[in-house]
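Read through the structure below, which is laid out as structure tokens, and then see the notes.
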Amino acid sequence: MNEKAVKIEDSRDVVRARHEGREMARKLGFGPADQARLATAISELTRNVIQYAGKGVCVITDASEMGIAKIRVRVEDHGPGIADIDQAIEPGFSTGNGLGAGLPGTRRLVHEFRIDSKPGHTVVSIAIVRRRA
Amino acid sequence: MKIAILKLRDILLTSIHVDLTDEDALEFQADVLEMVKKTEAKGIVIDITAMNVVDSFMARILNETASMVKTLGAEAVICGMRPEVALTLVEMGRELTGVETAVNLEQGVDKLRELIKRRQ
Amino acid sequence: MIEEGGLIMEKEQTQGAAQVMDAREQESLSLIELSTPALKVWDEIVLVPIVGVVDTKRAQQIMENLLKSIAEYEARVAILDVTGVPVIDTRVAHHITKTVTAARMMGAEVVITGVSPEAAQTLTKLHVDLSSISTRGTLRAGLKEAFALIGSRVEPRDEGVDS
């Protein structure tokens, strides 16, 4: 199974992570729109890590199965966590200097979206899927 | 990563050709404003043809830069946004608003000239 | 025994149904690709005529196609002709609005043509606001608007009646 792990510690890692995501999407035959969606989603999530938790990790996995191409991305940190997840994915919600539209926006870009968060551990998992011709 | 800003008579041209970190983007914004002021340019065309990711942060920087340039008394045109980038921004609900745009550099310069003429 | 047989049959039926679905999906996939061409009708003008029912998936495809054609042909105006679309509901209208916003960010205007009186009625009743979007009743009027937007004009060769 093809997997890339990118440590998220500063803003250069955000660039690195979204680049890896885009590359994997391209190699698996996703079109430019899906490549951009995935790269953008990774960018939003990893920036959140830096902003709210300081550091974390982004794992990009080729989770393709028979007949479908699929990329799963897991962004994990040990920061304070998201107190109210329902509220955090409401459009318009934001906690830090006007950037917080990240989560609801990101959710609309991907096919799967899941948050598990408690104080000290947050995992956001996303996936994009494409039916193989 | 430093983005070059070129002066061409009374206007400025710049092209973002690399994937910028947040710090790079902020530095770019400061450089643009500094150049507009220093050269007393009447406007600037910012070419983003090479950008294949514009996330909410970068969208905000572009939006802000354009309106800051206006505040300085000059005009700004953003050109070359890729279809997939435009699509992603709309899907995220992060549209650029109130920013002048053009399909390519040539049309961008034409549009800037038009805006400058209108202002005078 | 009977139960077992029943189960097997059910399974077979399900498989059969799945195959039919696949075939239909294939068919609709190729139809999608066939039915949304982007035509360059003039320098800097592209035309996307939509024919047939538009569901969410197809709307997305059309939207991507239209934006791609703007970049490819470096168009300043895209005409989206909906004469052949039987029903324009809120969902389709929403996709149209999104497309227009995306196109504007790319530096192009979108002109919607061929909105039927029924569609206009429905949209207004559904409180869909298309007022910020340039719409024309006919493709002909839309073309004229497109030429105006790129700073050209089409005139009859003979002096006289304005067409």
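The chains referred to below are lettered A, B, ... by the order of the sequence lines, with proteins before strands, and numbering in each begins at 1.
For the set B:Val103, B:Val99, B:Val77, B:Val90, the count of heavy-atom pairs under 4.5 angstrom toward chain C peaks at B:Val103. Heavy-atom pairs under 4.5 Å with chain B were tallied for C:Ala71, C:Ala102, C:Ala108, C:Ser69; the largest tally goes to C:Ala102. By number of non-hydrogen pairs under 4.5 angstrom with chain C, the leading residue of B:Glu100, B:Glu95, B:Arg82 is B:Glu95.
Taken from CD in C:Gln60 to CD in B:Glu91, the straight-line distance is 6.0 Å, to the nearest 0.5 Å. To the nearest 0.5 Å, the span separating CD on C:Glu74 from CD on B:Glu106 amounts to 7.5 Å. To the nearest 0.5 Å, atoms CE (C:Met105) and CG (B:Leu62) are separated by 11.0 Å. If you take CG on B:Leu87 and CD on C:Glu64, they are separated by 5.5 Å, rounding to the nearest 0.5 Å. Atom CG of residue B:Leu96 and atom CZ of residue C:Arg104 lie 13.5 Å apart, to the nearest 0.5 angstrom.
Contacts between C:Ala75 and chain B at a heavy-atom distance below 4.5 Å involve the backbone alone (N, CA, C, O). For B:Gln107, the part sitting under 4.5 Å from any heavy atom of chain C is the side chain, from C-beta outward, and nothing else.
Annotation: C:Lys68, atom NZ; neighbour count of heavy atoms from other residues, nucleotides and ligands within 6.0 Å does not exceed 12. More than 12 heavy-atom neighbours from other residues, nucleotides or ligands sit within 6.0 angstrom of NZ on C:Lys40.
Residues of residues 38-52 of chain B never come closer than 4.5 Å to chain C when only heavy atoms are counted. Of residues 86-93 of chain C, not one residue has a non-hydrogen atom less than 4.5 Å from any non-hydrogen atom of chain B.
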